[in-house]
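Structure record follows, encoded as structure tokens.
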Protein chains: 2
Amino acid sequence: MLTSAARNAAIEDMRRRCKEQGMAFTFQRQVIYEAVLDSRQHPTPENIYEQVRGRIPSISLGTVYKNVKTFLDTGLLKEVSLHHGSLRLEANMTPHHHVVCSGCKAIFDLEETEVAPLELGKTPLPKGFAVSRCSVEIIGLCASCRGIGASKKKTQNNNSSGASK
Amino acid sequence: MLTSAARNAAIEDMRRRCKEQGMAFTFQRQVIYEAVLDSRQHPTPENIYEQVRGRIPSISLGTVYKNVKTFLDTGLLKEVSLHHGSLRLEANMTPHHHVVCSGCKAIFDLEETEVAPLELGKTPLPKGFAVSRCSVEIIGLCASCRGIGASKKKTQNNNSSGASK
DNA sequence: CTAACTGCAAAGTGTTTGCACTCTT
DNA sequence: AAGAGTGCAAACACTTTGCAGTTAG
């Protein structure tokens, strides 16, 4: 939960960033941003749309998408998973961890034993939550994405299933 | 990488499972499964399709999807991320971890301090990989998904952005 | 006043489904 | 032979794009 002060600070910060980047501070943008801020569950664009419609009935889903994208580029919002958009599969059924490149979305495996085991002893889980497994994601940039310039390059995973066969 | 023996064992295991569940062991299935097995990068259905076409030019993308789904249900394959399908957003830009329910896809946040810090000292990362952050995902079933029967219920995240506002 | 933003609708991807034909068992 | 699986195409869901009208600065 966000304190009222922290919430206001976040909104103020957003207004400032809009100014800085020469983007208009519209009511729609404020309400969309607040919707994510206030959301306990990490919302989908559709969720945001539904919530925002409560305050701006005329808003369109397209506007939500456009602004969400703008916010992601600006660093005002973050996406929870780097792997939405398309299903990624694996045949390795033994528990293991992943190293993922935020540039090209490549995923490298790590044996479970290669990462020090997690200590969940003092971790406050939601009431009634039954843990089945823990997975660690080490996020960063792979060698080649660093090479081509560590920018937001969309080198996009050319993953032709690698050196398979 | 998979040793030839392990690969054969996996394929044999797959054949056995097909028998067990009364599903036909078709050439398409074998080749699709092998494509994932051989893939270093975690492939998308499209990646699999491309690779399989090398051996079965007449295969259709629909067949790949159908069989991938079957394999997921059977436990022969696993999906890397629980959050493909739709973008999930957050405004919390400070590093933190997630508790995710594999039933309803709900995501709960954990402060970074609530999980014991990771030790990456002896972790062998891919050459040249620059870590930017680590995120822990604690996967399991939330109280309500356990309640309704801990099966593969598709209660689907009704996430109306929670008690916001 | 001008550039940027909004709403709407049409176009794109990624994925699922229905159906006739074919193949495993 | 019978049921399951395949290929094809149409249908869907999620996201992006183009455009004319509107608004912030």
Side-chain angles (χ1 to χ4, degrees), chain A residues 14-33 35 42-50 52-53 55-74 76-77 79-89 105 154 156-157 159, chain B residues 14-33 35 42-50 52-53 55-74 76-77 79-89 105 154 156-157 159:
Chain A
M14 181 220 159
R15 169 177 264 129
R16 189 176 47 67
R17 288 222 212 185
C18 286
K19 294 269 146 76
E20 275 175 20
Q21 321 231 351
M23 28 185 281
F25 181 74
T26 64
F27 186 50
Q28 282 85 336
R29 279 193 179 145
Q30 179 183 337
V31 174
I32 290 170
Y33 182 67
H42 300 266
T44 63
E46 187 73 37
N47 295 150
I48 298 172
Y49 175 57
E50 282 158 24
V52 169
R53 275 210 292 185
R55 293 175 64 188
I56 313 178
S58 64
I59 200 160
S60 76
L61 185 55
T63 296
V64 172
Y65 271 102
K66 281 172 190 161
N67 284 317
V68 160
K69 199 173 183 190
T70 304
F71 291 161
L72 287 172
D73 291 345
T74 317
L76 271 156
L77 293 182
E79 39 187 317
V80 172
S81 166
L82 274 49
H83 314 301
H84 71 275
S86 187
L87 190 53
R88 300 287 293 265
L89 299 155
K105 281 9 182 206
K154 195 130 192 188
Q156 200 54 280
N157 177 16
N159 173 12
Chain B
M14 179 220 160
R15 168 177 266 129
R16 189 176 44 68
R17 288 222 212 185
C18 286
K19 293 269 147 75
E20 276 175 22
Q21 322 232 348
M23 26 186 284
F25 180 73
T26 64
F27 186 49
Q28 283 84 337
R29 279 193 179 146
Q30 180 183 336
V31 174
I32 289 170
Y33 182 68
H42 300 266
T44 63
E46 186 74 37
N47 295 150
I48 297 171
Y49 175 57
E50 282 158 25
V52 170
R53 275 209 292 182
R55 294 175 64 188
I56 313 177
S58 64
I59 201 160
S60 76
L61 185 54
T63 297
V64 172
Y65 271 101
K66 281 172 190 164
N67 283 317
V68 160
K69 197 172 184 192
T70 304
F71 290 162
L72 287 172
D73 290 344
T74 316
L76 270 156
L77 294 182
E79 40 188 316
V80 172
S81 166
L82 274 48
H83 314 300
H84 72 275
S86 188
L87 190 53
R88 300 287 293 264
L89 300 157
K105 279 13 180 203
K154 196 133 191 184
Q156 200 53 280
N157 176 17
N159 174 13

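Everything numeric in this text was worked out from a predicted model, so none of it was measured. In what follows, chains carry the letters A, B, and so on, assigned in the order in which the sequence lines appear, proteins first and then strands, with residues in each chain numbered from 1.
Applying the 4.0 Å criterion to OP1 and OP2 of D:dG7, one finds that B:Gln28 has a side-chain N or O inside that range.
Each of C:dT17, D:dG7, C:dC5 was ranked by its minimum atom distance to the side chain of A:Arg29; first place goes to C:dC5. Relative to the side chain of B:Leu87, the nucleotides D:dT15, D:dG7, C:dT15 differ in distance, and D:dT15 lies closest. Nearest nucleotide to the A:Phe25 side chain, out of D:dT6, C:dT6, D:dG25: D:dG25. Here C:dC8 is the nucleotide among D:dG25, C:dC8, C:dT17 with the atom lying nearest to any side-chain atom of A:Ser60. The nucleotide whose nearest atom lies closest to any side-chain atom of A:Leu61 is, among C:dT15, C:dT6, D:dT15, D:dT15.
If you take CD1 of A:Ile59 and P of C:dT6, they are 7 Å apart, rounded to a whole angstrom. One can place OH of B:Tyr49 at 15 Å from C1' of C:dT13, the figure rounded to the nearest angstrom. Taking atom NZ on B:Lys69 and atom P on D:dC12, their separation rounds to 15 Å, with Å as the unit. Rounded to whole Å, the distance from CD on A:Gln21 to P on C:dC5 is 11 Å. Counting to the nearest Å, the P atom of D:dG7 and the CD1 atom of B:Ile32 are 8 Å from each other. Between the CG atom of B:Asp73 and the P atom of D:dG5 there is a distance of 12 Å, rounded to whole Å. What separates CD of B:Glu79 from C1' of C:dT15 is a distance of 13 Å, to the nearest Å.
Evaluated for a side-chain contact (heavy atoms from CB on, under 4.5 Å) with A:Ile48, the options A:Val68, A:Leu77, A:Ile59 yield exactly one hit, A:Val68.
Using a 4.5 Å cut-off on side-chain heavy atoms (C-beta onward), B:Leu89 and A:Phe71 make no contact.
One can find a donor-acceptor pair under 3.5 Å joining the base of D:dG18 and the side-chain atoms of A:Lys66. In the interface, the side chain of A:Lys19 is not paired with the base of D:dG25 through any donor and acceptor atom under 3.5 Å apart.
If you check the side chains of A:Thr44 and B:Ser86, you find no donor sitting under 3.5 Å from an acceptor.
Formation of a donor-acceptor pair under 3.5 Å by the B:Arg15 side chain with backbone atoms of B:Phe25 is not found in this model. Side-chain atoms of A:Arg17 come within 3.5 Å of backbone N or O of A:Thr74 as a donor-acceptor pair.
If you check every strand for non-hydrogen atoms under 4.0 Å, B:Ser86 touches sugar and phosphate atoms only. Contact annotation for A:Thr63: base contact, defined as any heavy-atom pair under 4.0 Å involving a base atom.
Positionally, the nearest nucleotide of DNA chain C for A:Thr26 lies more toward the 5' end than for the other of A:Thr26 and B:Gly62.
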